[in-house]
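These figures come from a predicted structure and were not determined experimentally.
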There are 2 protein chains.
Amino acid sequence: MKRIEVIKRLLKEKLELKGGNLTEQRVAVFDYLSQVENHPTAEEVFLAVKRKMPKISLATVYKNLEALVECGLISKLAHGDGAARYDIRTDQHYHTHCLKCGKILDMDIEDDLLAGLSIPEDFVATGYRLELLGHCSNCK
Amino acid sequence: MKRIEVIKRLLKEKLELKGGNLTEQRVAVFDYLSQVENHPTAEEVFLAVKRKMPKISLATVYKNLEALVECGLISKLAHGDGAARYDIRTDQHYHTHCLKCGKILDMDIEDDLLAGLSIPEDFVATGYRLELLGHCSNCK
DNA sequence: ACAAAATCAATAATAATTATCCTTTTTATT
DNA sequence: AATAAAAAGGATAATTATTATTGATTTTGT
């Protein structure tokens with residue numbers, strides 16, 4: 001089975017759980033994200049997808065990224081300074097975040113940092129975010 | 001010596017290092033931040049300071065928060081979803097971040113989580129950010 | 001006290017994102 | 001397969017958070 005067919009099957013399954021539909025635009029957005037190493041902004045996804053699908057709208061990209069996040073197919077990296085970024089991975093992992101160019105990259109470490117952490121009683125933790133801040137190879 | 005005099009002396013000293021001046025607006029912004037337990041947005045700081053200093057502008061609050069961050073007197077918590085928040089503390093510490101109401105609170109833990117972390121070679125780390133995500137006592 | 005520099009207030013502009021509104025596509029039902 | 005209902009798309013307006021601009025005011029160094 002072709003790669004794109006695998007993606008369509010996965011998306012259809014996951015989207016249906018939330019009452020969403022499979023569309024060509026959603027496939028294109030997800031497909032692009034799954035091909036890149038970095039974590040692009042909505043704008044970057046838009047520009048890339050636009051090349052293969054010239055009529056797609058930026059608003060559609062935003063809406064579809066949101067829909068994919070909703071059904072757990074991708075994750076959103078909102079770091080505050082500048083635009084949010086999107087990540088094909090949904091498992092817990094950490095990132096390096098360049099303060100100069102804003103690029104976010106995966107950092108592969110197996111340790112569960114929260115393991116030994118004493119969480120406040122009155123707070124229900126559902127997850128956590130760890131980012132290493134600094135300068136990437138290009139910017140240092 | 002009165003509290004406000006202590007603040008003025010501290011601000012004057014730190015601001016001068018960056019070529020900045022001591023102004024009543026800066027004192028008011030810093031003073032407010034040092035009195036609250038939570039980490040307010042620029043808008044919230046503006047509304048609070050406005051009560052004592054009705055002519056102050058929102059843009060001034062933004063500029064002054066930025067100036068205070070620049071000279072290391074406060075820190076900025078940019079978490080992406082919504083407005084940035086400001087914190088009187090500048091030492092390394094962690095936060096709980098409520099996904100419902102957006103409130104950010106301090107989490108006091110002594111451990112240095114980065115101690116055992118293997119940082120990628122081509123990345124120059126200057127700091128890190130850890131946030132515990134979930135629901136606060138009011139929202140759970 | 002006075003000139004130069006910095007900051008202020010008001011407001012315009014920008015950037016990122018979300019909402020609106022009408023058309024098109026997809027899905028469910030006959 | 002035809003068709004109605006629901007969902008999604010595209011274009012663009014609106015919103016939100018923030019930054020830039022500009023001319024008036026305040027602060028600082030001499």
Between [N] ([atom2]) and [X] ([atom1]): distance, integer Å:
X: B:Glu43; N: D:dT15; atom1: CD; atom2: C1'; result: 13 Å
X: A:Leu77; N: C:dA16; atom1: CG; atom2: C1'; result: 16 Å
X: B:Leu22; N: D:dT25; atom1: CG; atom2: P; result: 21 Å
X: B:Glu66; N: C:dT7; atom1: CD; atom2: C1'; result: 15 Å
X: A:Lys55; N: D:dA11; atom1: NZ; atom2: C1'; result: 10 Å
X: B:Glu16; N: C:dA6; atom1: CD; atom2: P; result: 13 Å
X: A:Met53; N: C:dT25; atom1: CE; atom2: P; result: 12 Å

Measure from the side-chain heavy atoms of [X] and tell me the nearest of [options].
X: B:Lys63; options: D:dT18, C:dT27, C:dA9; value: C:dA9
X: A:Ala59; options: C:dA19, D:dG10, C:dA10; value: C:dA19
X: A:Asn21; options: D:dT12, C:dT26, D:dT19; value: C:dT26
X: A:Thr60; options: C:dA9, D:dG9, C:dT17; value: D:dG9

Inset, instruction - Enter the distance from A:Lys76:NZ to A:Leu68:CG here, rounded to the nearest 0.5 Å. - result: 12.5 Å

Inset, instruction - Hey, could you give me the CG/CZ distance between A:Leu132 and B:Arg129, rounded to the nearest 0.5 Å? - result: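 So the gap between those two atoms works out to 11.5 Å.
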
Legend entry - Any donor-acceptor N or O pair under 3.5 Å, side chains B:Tyr128, B:Tyr94: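 Per modelled atom types, B:Tyr128 and B:Tyr94 side chains form a pair under 3.5 Å.
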
Legend entry - Any side-chain heavy-atom pair of A:Thr41 and A:Glu44 under 4.5 Å: yes

Does a side-chain N or O of [X] approach OP1 or OP2 of [N] to a distance below 4.0 Å, or not?
X: A:Tyr62; N: C:dT17; answer: yes
X: A:Lys18; N: D:dA7; answer: no
X: A:Gln25; N: D:dG10; answer: yes

Legend entry - 5'-most by nearest nucleotide on DNA chain D - B:Thr23 or B:Ala42: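 Taking each residue's closest nucleotide, the earlier one in sequence belongs to B:Ala42.
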
Inset, instruction - Take B:Leu58 and A:Ile56, find for each the nucleotide of DNA chain D with the closest heavy atom, and name the residue whose nucleotide sits nearer the 5' end. - result: A:Ile56

Legend entry - Cluster check B:Val29, B:Ile7: I/L/V/M/F/W/Y, side chain < 4.5 angstrom: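 Yes.
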
Inset, instruction - Would you mind classifying the nucleic acid contact of A:Lys12 as base, sugar-phosphate or nothing, using non-hydrogen atoms under 4.0 angstrom? - result: sugar-phosphate

